[in-house]
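Note that ligands are numbered from 1 as they come in the structure, with each ligand's atoms numbered from 1 the same way. Bear in mind the structure is a predicted one, so any value in this text is a computation, not a measurement.
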Amino acid sequence: MASKQRAQYIIGVDLGGTNIVVGALSADGRQHHAMRSIPTSSESGAEGVADRIVGLIEEVISAASVETGAHREDFLGVGIGAPGPLDREKGIVIVAPNLGWKNFPLRDRIGERLHLPATLDNDANCATVGEWWQGAAQGGTNVIGMTIGTGIGGGLIIDGTLFHGASDVAGEIGHTTIDLNGRHCKCGNYGCLEAYASGPAIAVRAREVLVREETASLLPSLVGGRLEAITAETVYRAAQQGDAVASEIVRDTARYLGVGIANMLNILNADVVVVAGGVTAAGDALFVPLRAEVRRRAFKPAVEATRIVPGTLPGTAGVVGAVATFKMQHLGAL
Ligand SMILES: [Zn+2]
């Protein structure tokens, strides 16, 4: 008896400095299976991390096969999102400071071990495409994506296509300058948006205020008096409880992000700006002043044509987008 045509699946990998997330999606993207996350353990080195990724993919293939009845040959390939800069054509991560990598051929390490075709793209590009395909940016034609975490990643969709630029560096919104003589950034420049509004930068600004000023704040009590333990999360929590210092930090963060977004809107006239990552936990306390700042700075027709929204795929946008970039690169369409 002829067997019924079985569904096909694509694996998505989101490699971050802290965690590796892997999942399997049906090739049409509708079904998500076996989403798994493990610590990256970057101290194990590039080869060690590649081993961990391969191990987790094997686990996901097994679990997804149990869930769906799929066979090994039903898995078409692996889309990988990794921190950049990277060389997509060669599949190489050129530099990843958070991982301590230089010129590592990640795509082929993974693909060869699994005997599956693989693609590599920037993690923030993947997150943007993920939100565009299945999340908050659905229906957008020109999309600006920002992922705020340890750093600020960015991705651009222009005229319905993921835009990479001449050497895969396009969309680095986090490293646009918002203050001429501003704070030093990890990239070597001064005054980058990331140096003000990334998670660690938010924590640093909070600590500075507490050290400098004798203001009453909930913040020290939330970390047992150890100011060095303050994170962006602590700041959002204190702001939600009405703490004045934390609220001001969140408002300033919103203004910095608003400046960055206004710059991008005046260049790209995007119809959607999707802001993802931990910062969205601040909710309206962030988005209301952020949108106000954008209104103050960007051209009115650009502001009127856009919606600035939080991401709706927390934790999975990178995996979903990695699958999407595999489809676009390997199958030619989404
Ligand atoms: Zn920078």
Query raised in the report: Can you list the residues that meet the salt bridge (charged side-chain N to carboxylate O under 4.0 Å, His left out) rule with Asp51, with sequence neighbours excluded?
Result: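 By the salt bridge (charged side-chain N to carboxylate O under 4.0 Å, His left out) rule, Asp51 matches Arg113.
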Query raised in the report: Which residues and atoms, protein N, O or S only, are under 2.8 Å from the Zn ion (ligand 1)?
Result: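 As for protein N, O or S atoms lying under 2.8 Å from the Zn ion (ligand 1), they are His175 ND1, Cys185 SG, Cys187 SG, Cys192 SG.
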Query raised in the report: Salt-bridged, Glu228 to Arg207, with N to O below 4.0 Å?
Result: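 Judged by the 4.0 Å cut-off on N to carboxylate O distance, Glu228 and Arg207 do not form a salt bridge.
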Query raised in the report: Salt bridge or not for Glu293 and Arg297, using N-O below 4.0 Å?
Result: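 Salt bridge: yes.
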Query raised in the report: Looking only at heavy atoms, which two atoms of Leu99 and Pro83 are closest? And how far apart?
Result: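 Taking every non-hydrogen atom into account, CD1-CG, 3.9 Å.
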Query - Closest non-hydrogen atom pair between Asp284 and Pro289, with its separation - result: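 Answer, listing the atom of Asp284 first, then Pro289: O-CD, 3.6 Å.
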Requested in this report: Can you label the angle between the Tyr9 ring and the His33 ring as parallel, tilted or perpendicular, going by 30° and 60°?
Outcome: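 Rings of Tyr9 and His33: perpendicular, as their planes differ by over 60°.
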